[in-house]
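Chain naming here is simple, since letters A, B, ... match the order of the sequence lines and numbering starts at 1 in each. Since the model is a prediction, treat every value here as computed from it, not as a measurement.
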Protein chains: 2
Amino acid sequence: MDSAADGGNERSFRAGLSRTRGAYLALRDRIARGEFRPGERFPGEPTLAAELGVSRVTLRHALDRLEAEGLVERRMGSGTYLSARGAGSPLVADLANVLTHLVEMGKRTSVKLLSFTYVAPSPDIATALQLPEGERVQRSERVRLIDGTPFSYLVTSVPESIGIGWSEVDLAKKPLLELLERAGLVADHARQTISAALAGPEVARALGIEPGSALLSLTRTVFDPHGRGIEHLQALYRPDLYSFQMDLVRAGHREGRRWRPVAVDGLKPHDDRPPEAAE
Amino acid sequence: MDSAADGGNERSFRAGLSRTRGAYLALRDRIARGEFRPGERFPGEPTLAAELGVSRVTLRHALDRLEAEGLVERRMGSGTYLSARGAGSPLVADLANVLTHLVEMGKRTSVKLLSFTYVAPSPDIATALQLPEGERVQRSERVRLIDGTPFSYLVTSVPESIGIGWSEVDLAKKPLLELLERAGLVADHARQTISAALAGPEVARALGIEPGSALLSLTRTVFDPHGRGIEHLQALYRPDLYSFQMDLVRAGHREGRRWRPVAVDGLKPHDDRPPEAAE
DNA sequence: GATATCTGTATTAATTATAGAACAGGCTTG
DNA sequence: CAAGCCTGTTCTATAATTAATACAGATATC
């Protein structure tokens with residue numbers, strides 16, 4: 001393996017990643033994959049720089065960032081070490097035993113209302129809610145915080161005819177599903193899709209993270225008993241503060257490896273009650 | 001150093017985002033939020049550049065990328081337009097009606113084995129599987145493809161004493177849970193966590209995406225009836241090709257807004273059978 | 001204590017990103 | 001057709017990133 005003969009990352013800049021950020025991601029990846037143990041020393045900077053194909057200065061900038069995030073500790077003249085919390089919470093690593101029990105830990109969540117408007121729905125939302133052409137929606141953007149730090153960014157869209165039943169003040173206090181019920185509507189079933197997305201600058205600012213971070217995405221459409229859409233939710237979660245956890249048990253036959261979900265939620269993982277709807 | 005009086009993004013470079021990439025993400029975000037309709041014309045380049053606080057050249061580079069991804073179309077002398085597929089599939093937008101029905105669409109998935117080794121487990125995996133100190137694991141990295149394009153990156157860890165029962169060839173062909181059963185083990189229950197992560201360079205290469213892309217992350221630990229861990233899976237999915245979808249129905253009482261999951265899976269959303277375990 | 005290794009720091013030079021401006025040519029509207 | 005707005009292109013100047021190198025201070029090892 002020489003220094004830069006391999007094919008791959010010569011051009012590709014132009015809106016791509018800087019070499020510093022690339023090195024940062026590479027290291028973060030190796031840490032997340034468990035290549036190092038907590039307290040273990042990294043290879044020396046010259047070695048690492050050679051492995052990653054960048055100069056030592058660049059490698060150093062990447063390490064600066066990892067250090068700022070608390071993933072590594074550096075001791076002058078000695079080396080760079082994986083910090084205790086390096087393997088654990090904020091990475092790809094196993095989140096099963098981390099901060100998903102937020103509510104139970106006595107912490108409380110609060111809501112901040114960012115905007116509250118009536119607008120023409122975007123095409124995908126209009127489709128999901130099966131809105132007639134021209135019908136507008138009440139669109140509200142909220143941020144949910146836990147102990148003052150925001151962990152989810154919520155965009156809810158409700159058909160105008162329904163959403164007219166409450167005000168901004170209500171939305172800042174009560175859960176949306178409660179407001180829907182107060183309006184005489186019945187939430188009967190819902191379909192939700194879980195995916196991932198990058199944080200854009202606006203969302204990043206609202207969540208206190210940097211643009212380009214990974215976010216957990218939840219899109220949910222709630223229907224009444226007649227199949228009419230009454231709410232559309234687009235939620236983005238900080239994966240270091242929130243994740244979805246579910247327990248599965250083997251269902252029935254030994255053929256076919258089928259599983260039955262037991263609990264679904266990010267906040268209350270180990271519970272025998274039916275799960276709440278996440279916000 | 002003036003010309004940018006607004007507060008926010010003055011320093012923060014150093015392993016942060018380039019302005020081009022920042023503008024790219026901002027636009028991608030606005031598209032994903034449904035600010036424009038398919039076929040709609042964007043504001044002019046000078047206007048957009050001013051809004052985003054970058055020069056027209058930089059804004060242009062961002063547009064180049066969006067165009068290369070097929071999100072926008074540019075007509076000389078006319079303007080930049082949101083392409084038909086701009087609102088829909090590859091973004092934060094609603095994935096409910098996109099390619100989650102892969103199997104049903106007659107497409108087939110295949111598996112490519114990347115590596116197959118016996119190594120000391122990373123601390124988090126050792127904890128999840130409750131391995132005694134010193135016990136090693138059989139670690140295999142695989143990529144699952146659909147019609148030739150990779151959509152998931154799988155890292156499975158099985159205690160050495162168990163994994164000794166099969167070979168590389170088996171792993172490349174059969175699902176891991178089937179191999180476990182053939183070894184006389186019973187997969188009784190499992191716990192899985194869904195989160196999001198950024199693609200590191202290695203994973204990015206394996207999945208055919210660029211480093212820094214958002215990935216859907218699934219971590220699953222499978223236990224036998226005695227509560228012993230028999231498999232640990234760390235899966236990363238391309239969110240544009242794979243997502244998790246679940247239907248929820250209102251369970252029982254009108255108090256408390258509780259929901260009961262009906263189906264859980266990324267491949268078979270609309271089905272009454274218990275869901276399969278996703279890989 | 002001598003020596004090697006490592007991080008911290010500084011300097012220089014080359015490459016790349018970005019801003020700003022000017023101009024050419026296509027589209028649109030009147 | 002003419003005026004105005006738009007994208008496409010090119011140029012120059014400035015700033016930031018990156019590489020390469022050298023050296024100082026700290027730490028570990030023998």
Quickly work out the [X] [atom1] to [N] [atom2] distance and round it to whole Å.
X      : N       : atom1 : atom2 : result
E67(B) : dG8(D)  : CD    : P     : 7 Å
H61(A) : dT9(C)  : NE2   : C1'   : 11 Å
L52(B) : dT18(C) : CG    : C1'   : 14 Å
L17(A) : dT17(D) : CG    : P     : 14 Å
E45(A) : dT9(C)  : CD    : P     : 11 Å
L59(B) : dA19(C) : CG    : P     : 10 Å
R41(B) : dT7(D)  : CZ    : C1'   : 11 Å
Y24(A) : dT17(D) : OH    : P     : 16 Å

[X] side-chain N/O to [N] phosphate OP1/OP2 under 4.0 Å:
X      : N       : result
T80(B) : dT7(D)  : yes
R19(A) : dA19(D) : yes
S18(A) : dT18(D) : yes
R60(A) : dT7(C)  : no

Can you tell if the side chain of R28(A) reaches within under 4.5 Å of the side chain of L198(B), non-hydrogen atoms only?
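Of all side-chain heavy-atom pairs linking L198(B) with R28(A), at least one is under 4.5 Å.
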Check whether any side-chain heavy atom of L154(B) lies under 4.5 Å from a side-chain heavy atom of V111(B), and answer yes or no.
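No, side chains not in contact.
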Pick the closest DNA chain D nucleotide for V54(A) and for G44(B) by heavy atoms, then say which residue is nearer the 5' end.
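Nearest nucleotide further toward 5': that of G44(B).
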Polar side chain donor-acceptor pair, S140(A) to T156(A), under 3.5 angstrom
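Note: S140(A) and T156(A) side chains meet the donor-acceptor criterion.
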Is the gap between the ring centers of Y242(A) and F244(A) under 6.0 Å?
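For Y242(A) and F244(A), the ring centres are under 6.0 Å apart.
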Under 3.5 Å, which protein N or O atoms sit close to an N or O of nucleotides 24-30 of chain C? Give each pair with its distance.
| residue | atom | partner | partner atom | Å |
| --- | --- | --- | --- | --- |
| dG26(C) | N2 | G77(B) | O | 2.8 |

What's the shortest heavy-atom distance between S83(A) and G70(A), and which atoms?
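Heavy-atom minimum between the residues: OG-O, 2.7 Å.
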With respect to Y118(B), which candidate in Q138(B), E160(B), R136(B) satisfies the side-chain hydrogen bond (donor to acceptor under 3.5 Å, both in side chains) definition?
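With Y118(B) as partner, Q138(B), E160(B), R136(B) yield a single side-chain hydrogen bond (donor to acceptor under 3.5 Å, both in side chains), made by Q138(B).
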Between dT18(D), dA19(C), dG8(C), which one does the side chain of R56(A) approach most closely?
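Of all the options, the side chain of R56(A) is nearest to dG8(C).
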Whichever of L63(A) and V57(A) has its nearest DNA chain C nucleotide further upstream toward 5'
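Looking at the nearest nucleotide for each, L63(A) comes out on the 5' side.
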Is there a donor-acceptor pair closer than 3.5 Å between any side-chain N or O of R238(B) and the backbone N or O of L207(B)?
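Here the side-chain-to-backbone pair exists.
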